[in-house]
Amino acid sequence: MSDKATQFWVDKSDFVRPIYKLAETLKKRNGKAKNETVETEKASTEQIFFAEKTLEILSSNIESFGFERTKTKIEKYFTEIIYKKDKRYIKISGSTYPTDYPYCYNIIFGEGDSENFPETDWNSIALWKLKKFIEPNSVAKEYEFPFNEKVKFSLENANVELLKFGITFLNGEMEKFYEVRKEQNANREPYKIHSKDENGNYKTEYEKESMMLKQKFS
C-alpha cells in the first residue's frame, strides 16, 4: 500500500451512502493527512457514523497541536483512528464486538510505535485514567459506545475532556503520562501462558516479553 492510500470495500448496498459520506469527510480533511492510510472493510453503518463524527468533532483540535492523522480503519465491529507527532500518538478506538459488551470507545495516549503490539499495550494510557489521576474523586471510565443521536453528544463531551485532561500530553509535557503509565503497569501482571509440560501436566508461566515491558514501563 502506498504512503497515501484510500480504499473502500462495500459488500452491501446499504453501506454505499455512508461510505461516500465518510469519503467526503476524509477528502475535506486530507490536507493535514498526507501520509494517511484509510481502510473500510465490511464496515457497519454504526461504525462509519461513529468514525465520521469523530473526524468532525475531534480531528481539528488534535491536529491543531501538530498531530497528523495517519490511519483510519473501520470494520464491522471496530473503528481505529490514529494521529502521530514525533514519538507520541493518539489512538481513538471503539468496539461493538458482541463479546465486548458493554460496548465502549477510548482515547489512548501512547509513545513509540502505535502498531507494535504488545509494546502499545504497556506504553500507553487511556484518557480516562489521566482524568482519574488529575481528579481522583471524579467519575472516570471508558466511554460508552454511542448510537444514533447520542454519538454527537458523547464525542463533544470526550472532546472537552481531551482538552481539559489531555492538554499536557497534547503539548508534549510527558510527566503526568509517565506517572500514570508507571502506576498502571505496576498494578498489572505480565501475560500468562498456559501449556502442557513434557509429562502432560498443565503449567502456567509469565510470557517473557511482557515481563520485560512491565519492568521497562513501570
Side-chain angles (χ1 to χ4, degrees), residues 1 35-39 41 47 50-51 54 58 62 65 67-134 136 138 140-145 155 158 161-162 165-170 172-195 203-218:
M1 188 174 289
N35 297 312
E36 182 182 17
T37 295
V38 179
E39 301 175 28
E41 186 172 3
Q47 291 292 344
F50 173 76
T54 298
L58 293 173
I62 294 172
F65 288 88
F67 286 83
E68 179 184 10
R69 195 174 72 248
T70 59
K71 181 178 181 180
T72 300
K73 184 174 183 179
I74 311 165
E75 299 178 345
K76 183 176 182 180
Y77 298 115
F78 304 102
T79 289
E80 182 179 85
I81 302 172
I82 297 176
Y83 303 81
K84 293 183 180 180
K85 181 180 181 181
D86 302 324
K87 294 183 179 180
R88 286 172 290 145
Y89 66 86
I90 297 172
K91 180 187 297 184
I92 302 169
S93 61
S95 173
T96 54
Y97 196 76
T99 57
D100 288 344
Y101 187 84
Y103 309 135
C104 69
Y105 72 95
N106 270 302
I107 299 175
I108 304 294
F109 298 140
E111 188 177 41
D113 185 352
S114 63
E115 303 291 342
N116 183 16
F117 186 87
E119 181 174 326
T120 54
D121 191 33
W122 294 86
N123 196 14
S124 65
I125 63 171
L127 171 61
W128 70 266
K129 291 194 174 182
L130 194 55
K131 175 184 176 181
K132 192 67 174 178
F133 176 80
I134 296 169
S138 65
K141 60 181 180 178
E142 296 174 317
Y143 296 105
E144 179 181 346
F145 191 93
L155 287 168
E161 295 196 336
L162 171 65
F165 301 108
I167 190 64
T168 52
F169 184 88
L170 291 167
E173 300 164 14
M174 302 296 285
E175 290 79 8
K176 286 186 174 66
F177 171 83
Y178 292 141
E179 287 186 61
V180 175
R181 186 190 67 186
K182 179 179 180 179
E183 180 181 298
Q184 169 183 273
N185 291 333
N187 293 328
R188 62 185 294 202
E189 288 188 298
Y191 309 143
K192 292 180 178 179
I193 298 175
H194 303 279
S195 60
K203 62 178 181 179
T204 300
E205 56 188 356
Y206 287 127
E207 191 269 332
K208 292 182 180 179
E209 184 176 6
S210 62
M211 288 178 65
M212 180 273 292
L213 291 169
K214 174 182 172 67
Q215 183 177 14
K216 181 178 180 180
F217 297 122
S218 293

Enquirer: Are the side chains of N123 and F177 in touch, meaning some heavy atoms are under 4.5 Å apart?
Expert: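 When only atoms from C-beta onward are counted, F177 and N123 do touch, with a gap below 4.5 Å.
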Enquirer: Looking at K132 and S138, would you say the former's side chain and the latter's main chain have a donor-acceptor pair under 3.5 Å?
Expert: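 Side chain of K132 to backbone of S138: a pair is present.
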Enquirer: Quick check, are the ring centers of Y77 and Y97 under 6.0 angstrom apart?
Expert: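 Ring-ring flag for Y77/Y97: true, centres closer than 6.0 Å.
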Enquirer: Do NZ/NE/NH1/NH2 and the carboxylate oxygens of R188 and D121 come within less than 4.0 Å?
Expert: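 Counted as a salt bridge, because a side-chain N and a carboxylate O are separated by less than 4.0 Å.
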Enquirer: Are side-chain heavy atoms of P118 and Y191 found at a separation under 4.5 Å?
Expert: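 Side-chain contact under 4.5 Å: yes.
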Enquirer: So do the side chains of F217 and K182 get within less than 4.5 Å of each other, counting heavy atoms only?
Expert: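 Heavy-atom side-chain distance check fails, nothing below 4.5 Å.
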Enquirer: Under a 4.5 Å cut-off applied to non-hydrogen side-chain atoms, are I125 and L130 in contact?
Expert: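 Yes. Closest side-chain heavy atoms under 4.5 Å.
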Enquirer: Does E161 pair with K131 as a salt bridge, N-O distance under 4.0 Å?
Expert: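 So E161 pairs with K131 through a salt bridge.
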Enquirer: Is the shortest heavy-atom distance from the side chain of M174 to the side chain of F169 under 4.5 Å?
Expert: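 Yes, at least one pair of side-chain atoms sits under 4.5 Å.
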Enquirer: Would you call S124 and E111 a side-chain contact if the rule is heavy atoms closer than 4.5 Å?
Expert: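 They are not in side-chain contact.
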Enquirer: So do the side chains of I107 and L162 get within less than 4.5 Å of each other, counting heavy atoms only?
Expert: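 Answer yes - side chains close enough.
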Enquirer: Could you check whether any side-chain heavy atom of Y83 comes within less than 4.5 Å of a side-chain heavy atom of Y89, counting everything from C-beta outward?
Expert: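 Side chain of Y83 against side chain of Y89, heavy atoms only: no contact under 4.5 Å found.
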Enquirer: Would a line drawn from the ring center of F67 to the ring center of F65 be shorter than 6.0 Å?
Expert: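 For F67 and F65, the ring centres are not under 6.0 Å apart.
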Enquirer: Does this structure show an ion pair linking E207 with K192, if we count only N-O contacts that are shorter than 4.0 Å?
Expert: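 Result for this pair is no, no salt bridge flagged.
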Enquirer: Closer than 4.0 angstrom, basic N to acidic O: yes or no for K129 and E183?
Expert: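 The answer is no: the pair does not qualify as a salt bridge.
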